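This one's a predicted model, so the numbers in the text were calculated from it and none came from an experiment. Both counts, for ligands and for their atoms, begin at 1 and track the order of listing.
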Amino acid sequence: MRTPMTIADFLDRADLGFRESTGVIDEPDQPAPPVPAATYGTFAERVRAWQAGLDALGVGEGERVAVVSHNSTRMLELLFAVPMSGRICVPVNFRLKPDEVAYVVRQSGASVLLLDPEVADALSGVEVRHRFVLGEQTETELMRFGVQPRPWSHPDEDATATINFTSGTTARPKGVQLTHRNIWVNGMTFGLHTRAWERDVYMHTLPMFHCNGWGMPYVMAGLGVKQVVLRKVDGAEILRRVEEHGVTLMCGAPAVWNAVLGAAATWPGEIPGRDRVRIVCAGAPPPTATIARVGEELGWEFTQIYGLTETSPLLTFNRTLPGDAALPAEERARKLSRAGLPALGVRLKVSDSGEVLARSNTVLDGYWEKPEETAEVLVDGWFHTGDGGTLDPADGHLTISDRKKDVIITGGENVSSIEVEDTIFSHPAVAEVAVIGVPHEKWGETIKALVVLAEGATAEESDIIAHCKRHLAGFKAPTSVEFRDAIPRTATGKIQKFKLRRPYWSGLDRGVN
Ligand code: AMP
């Protein structure tokens, strides 16, 4: 038998078997009235109310609904409500500037824009057919409680469920089309490798907009796992909530775990969750020292995954295997610093040029309305990750060592160097610019701009940075600017970024951080 694998499978099971159990605890400290602690039964009811509301608004199947929100129960509800009714959810990074959000809304053709109260004023000028502020307005003017929504007419696992915009090699972000099937397989495999089960308590230490919170919300619901919403990453607050809610499982970039380690240093008494919490780290290669400290200072189990928005995201998984448990801590940390073994169902190979290629049911359908860009990454049945790496012939583990694509990853956020270069170039004093990632202790990498000023023009480092902050989300602005007389180019006029980066990365054993 073949039945379509859709997102409804996850929530329907929660609504059936976990109707009375606590499903989601909203962030208490937020500008909208928090949603009262929901059981999976009431969570599913609210999901139906969103769907009935979208029906009443005349939003058809296949239409796009964009959501710009910090983590919240409402955002989580929409990650289910929109795709489960055959519509497409477009979660948007809440740090983007109005022009950047306008681009995403335009490019995805979204007819509805749902905004967290914190960003609503700033984004009031973004053109869209229907706009609502999450909270009182959606509760009274959009959601229809107690009304049965129209069911999705032809549930199809190959239908697009979400479009997640990601910064890549192009100046503007591209919309990654993930299907229900992509998300389903990712959820199942992720749940399997993280050993998720009914007694887990999951905390959202990841932004939900980032690849749908790596797809974890779906599998957590499917298993009836209690989910705790966290709006802002703060090390001490994470520790407090781990204690308060009995959290067992969290995902995040290395910067999140560094923040927790920082807070743990002054935490009074025993660290909560010792020998109970498992964490999943990805987004950048975690420093071996961070891995060792998570074990020693927190007593939490460290695991690593590697993946991309384009792969839903799971491609590899790494945890200390039973045979390695007796190894010295340092050696275990070194082994854990690798991206890991391909997840079940994932095939990896490294091309002659050193690029990591992947085949998996979690690989994207395509970039939304960008056939050329899609053809560039899906070649002969292999997805081109743009990351450089090696596969250990002894145990099949992948190590990410380099980046082929022109992307900087700072604090877990991807930044397209080209986008920053375009912006800096629009400053009247700038004649030439190259933007590179350089190592940074807290953020892994940080953005550096190398700038050649126009004849007779003057500008300070702070002018260039302020110019970027005016036009781009803050995390995309360089943290340093170096003025140069010239930027070396090849005979064909190309800037060789790897050469510009080299002096800043010398002494490190890899070219990404
Ligand atoms: P995103 O699409 O925003 O999730 O970013 C995906 C990119 O993050 C990948 O192409 C890698 O460059 C980087 N990345 C993700 N996980 C890891 C990891 N475990 N180690 C090294 N880089 C990673």
Assess G307 for proximity to ligand 1: is some non-hydrogen atom of it under 4.0 Å away? yes

Whether the T160 and Q177 side chains hold a donor-acceptor pair (N or O, under 3.5 Å, no angle test) is what I'd like checked. yes

At less than 4.0 angstrom from any non-hydrogen atom of T309, what atoms of ligand 1 do you find? 1 (P), 2 (O), 3 (O), 4 (O)

No-hydrogen, no-angle side-chain donor-acceptor test under 3.5 Å, E413 and N93: yes

Would you say the side chains of T248 and D200 form a donor-acceptor pair under 3.5 Å? yes

Keeping to residues at least two apart or across chains, list the side-chain hydrogen bond (donor to acceptor under 3.5 Å, both in side chains) pairs with something in residues 284-294. N258-T290, R293-E297

Does the side chain of E372 come under 3.5 Å of the side chain of Y367 through a donor N or O and an acceptor N or O? no

With heavy atoms and a 4.0 Å threshold, my read on which part of I400 contacts ligand 1 is side chain

In terms of residue, atom name and distance, what is the protein heavy atom nearest to atom 7 (C) of ligand 1? I409 CD1, 3.7 Å

Please determine whether any non-hydrogen atom of P313 lies less than 4.0 Å from an atom of ligand 1. no

Cut-off 3.5 Å, side chains only: do N212 and T162 have a donor facing an acceptor? yes

When distances are taken from atom 18 (C) of ligand 1, the protein heavy atom at minimum range is Q304 OE1, 3.7 Å

Pick one: which of R319, R332, R278 meets salt bridge (Lys or Arg N to Asp or Glu O under 4.0 Å) with E301? R319

So which protein heavy atom does atom 5 (O) of ligand 1 come closest to, and at what separation? N414 ND2, 3.0 Å

Within reach of ligand 1, part of I305 (heavy-atom separation under 4.0 Å): backbone

Which residue and heavy atom of the protein sit nearest atom 22 (N) of ligand 1, plus the separation: A284 CA, 3.7 Å

Say whether G283 and ligand 1 are in contact under the criterion: heavy-atom distance to a ligand atom below 4.0 Å. yes

Is it the side chain, the backbone, both or neither of A339 that has a heavy atom closer than 4.0 Å to ligand 1? neither

If we count only N and O atoms by modelled type, under 3.5 Å, do the side chains of E157 and T6 hold a donor and an acceptor together? no

Near K405, which atoms of ligand 1 are under 4.0 Å from a heavy atom of that residue? 9 (C), 10 (O)

Set of residues satisfying ring-ring contact (aromatic ring centres under 6.0 Å, His included) with respect to F94, sequence neighbours excluded: H70, F209

Taking only non-hydrogen atoms of R403 and a 4.0 Å limit, the atoms of ligand 1 in range are 12 (O)

Going by atom types alone, do S401 and T399 pair a side-chain donor with an acceptor below 3.5 Å? no

To check your reading of the model: name the closest protein heavy atom to atom 12 (O) of ligand 1, its residue, and the distance in Å. D387 OD1, 2.6 Å

Under 4.0 Å, counting heavy atoms only: does E413 come that close to any atom of ligand 1? no

Going by distance only, is there an N or O of C281 that falls short of 3.5 Å from an N or O of ligand 1? no

Donor + acceptor pair across side chains of T446, T479 (<3.5 Å): yes

Where on H210 is there a heavy atom closer than 4.0 Å to ligand 1, on the side chain, on the backbone, on both, or on neither? side chain

